[in-house]
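Data block below; observations after.
When reading the values below, keep in mind they use all heavy atoms of this one structure, side chains included, and skip hydrogens, waters and symmetry mates. These numbers come from a predicted model, not from an experiment.
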Amino acid sequence: MTVKEFNTCVDLYADGLYRFILKHVMDKDVAKDLVQDTYEKLWVKVNDLESKNAKSYMFTTAYHTTIDHLRRAKKSERLDFSKHNEEAEKENTNYDLKGLLNKALDTLPEVQKSVVLLRDYEGYDYKEIGIITGLSESQVKVYIFRARQTLKEYLVKAEVTVS
């Protein structure tokens, strides 16, 4: 991959990577740092990678970088998700759909959340998601199905509560 192709990848995929990571970490500054880490890892491999594989490589790297960050954060207890969720709940007293959907996504296990975000937010197909996450195509389909069922149940309960 050339420097020009690298710069093109940055221009094309930075927003998608940022959205994907932000949905996981819920912190804009941390998400920006993780995007930078992803591009740094891409730059290290710039000579070994073909430009047609760059998007897949970046999302795979972003996925693993985000999961590593979340594991470190849990171990060191630097992030208090329950406090963040309480603050978000206070801010979303009008129960807007986007906020409600974000709360529903936060209830999912990380792997289910990742596959749903890659499929429904970023538009990857099952095979690509499998490559990014290291899952088989059938595992991806199962995780997406289960995640959507959980989201549906959460949103139905929320609708009853709001009504």
Side-chain angles (χ1 to χ4, degrees), residues 9 12-39 53-163:
C9 286
L12 291 175
Y13 307 122
D15 291 338
L17 280 172
Y18 176 73
R19 283 190 311 269
F20 174 69
I21 294 171
L22 183 62
K23 291 288 184 186
H24 285 284
V25 298
M26 307 294 281
D27 183 322
K28 292 178 181 180
D29 293 329
V30 172
K32 289 176 184 176
D33 289 343
L34 293 175
V35 168
Q36 288 298 321
D37 289 348
T38 300
Y39 280 117
N53 299 332
K55 182 178 179 185
S56 179
Y57 178 83
M58 286 185 301
F59 274 90
T60 301
T61 304
Y63 171 76
H64 290 292
T65 303
T66 302
I67 296 301
D68 290 345
H69 168 77
L70 292 173
R71 286 181 182 151
R72 281 192 309 273
K74 280 184 181 179
K75 284 183 181 178
S76 66
E77 298 178 356
R78 282 184 265 164
L79 297 177
D80 183 6
F81 287 112
S82 61
K83 182 179 178 183
H84 176 76
N85 287 339
E86 288 173 12
E87 291 172 5
E89 190 173 326
K90 288 177 186 175
E91 292 174 9
N92 291 328
T93 54
N94 64 351
Y95 297 103
D96 62 313
L97 183 58
K98 185 177 179 182
L100 192 59
L101 188 56
N102 284 334
K103 280 181 66 176
L105 282 168
D106 288 340
T107 65
L108 296 175
E110 286 302 321
V111 68
Q112 288 182 5
K113 184 176 180 179
S114 294
V115 295
V116 164
L117 290 172
L118 287 169
R119 176 74 179 162
D120 296 335
Y121 281 71
E122 299 302 327
Y124 280 99
D125 63 31
Y126 298 117
K127 186 176 180 179
E128 291 173 316
I129 295 169
I131 293 168
I132 290 170
T133 59
L135 300 170
S136 71
E137 196 171 332
S138 60
Q139 286 175 311
V140 169
K141 290 177 182 178
V142 168
Y143 281 132
I144 289 174
F145 176 79
R146 289 179 181 164
R148 287 178 178 165
Q149 289 296 106
T150 302
L151 291 172
K152 180 181 173 183
E153 291 170 10
Y154 184 91
L155 293 173
V156 167
K157 287 179 185 176
E159 182 182 10
V160 171
T161 305
V162 173
S163 299

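In this pair, F59 and Y124 present their aromatic rings perpendicular. The plane angle is above 60°, beyond the 30 to 60° band.
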Given side-chain contact (heavy atoms from CB on, under 4.5 Å), test V116 with L105 step by step and report yes or no.
CA-CA 9 Å; V116 164; L105 282 168; 4.2 Å; yes

Could you go through the side-chain contact (heavy atoms from CB on, under 4.5 Å) check for D120 and R148 one step at a time?
CA-CA 10 Å; D120 296 335; R148 287 178 178 165; 2.6 Å; yes

Can F20 and T38 be said to form a side-chain contact (heavy atoms from CB on, under 4.5 Å), step by step?
CA-CA 12 Å; F20 174 69; T38 300; over 6 Å; no

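Considering only heavy atoms from C-beta on, D37 stays 4.5 Å or farther from H69 through its side chain. In this structure the side chain of Y126 reaches within 4.5 angstrom of the side chain of I144, judged on heavy atoms. Residues T150 and L108 meet the side-chain proximity criterion, which asks for heavy atoms closer than 4.5 Å. When side chains are defined from C-beta on, V115 does not count as touching K141, because their heavy atoms never get closer than 4.5 Å.
Separating the CG atom in L34 from the OH atom in Y63 is a distance of 14.0 Å, to the nearest 0.5 Å. Between the CG atom in L101 and the NZ atom in K103 there is a gap of 12.0 Å [rounded to 0.5 Å]. D106 contributes atom CG, which lies 10.5 Å from atom NE2 of H24 (distance to the nearest 0.5 angstrom).
The main-chain N or O of K23 is found under 3.5 Å from a side-chain atom of K113 such that the two form a donor-acceptor pair. In terms of modelled atom types and a separation under 3.5 Å, the side chain of E128 and the main chain of D125 share a donor-acceptor contact. Of the possible polar contacts, none joining the Q112 side chain to the P109 backbone as a donor-acceptor pair under 3.5 Å is found. In this structure, the side chain of Y143 does not engage the main chain of S114 through any donor-acceptor pair within 3.5 Å.
Heavy atoms only, all atoms of each residue included: I21 and A62 are closest at CD1-CB, 3.9 Å. Counting all heavy atoms, side chain and backbone alike, A104 lies closest to L155 at CB-CD2, 4.4 Å. Scanning both residues, L70 and E110, for their nearest heavy atoms gives CD1-OE1, 3.4 Å.
At most 12 non-hydrogen atoms from other residues, nucleotides or ligands lie less than 6.0 angstrom from CZ of F145.
Each of T65, L22, V35 was compared with L17 under the side chain to side chain contact (heavy atoms under 4.5 Å, CB included) criterion, and only V35 meets it. With Y57 as reference, T61 is the one residue of T61, N53, T60 to meet the side chain to side chain contact (heavy atoms under 4.5 Å, CB included) rule.
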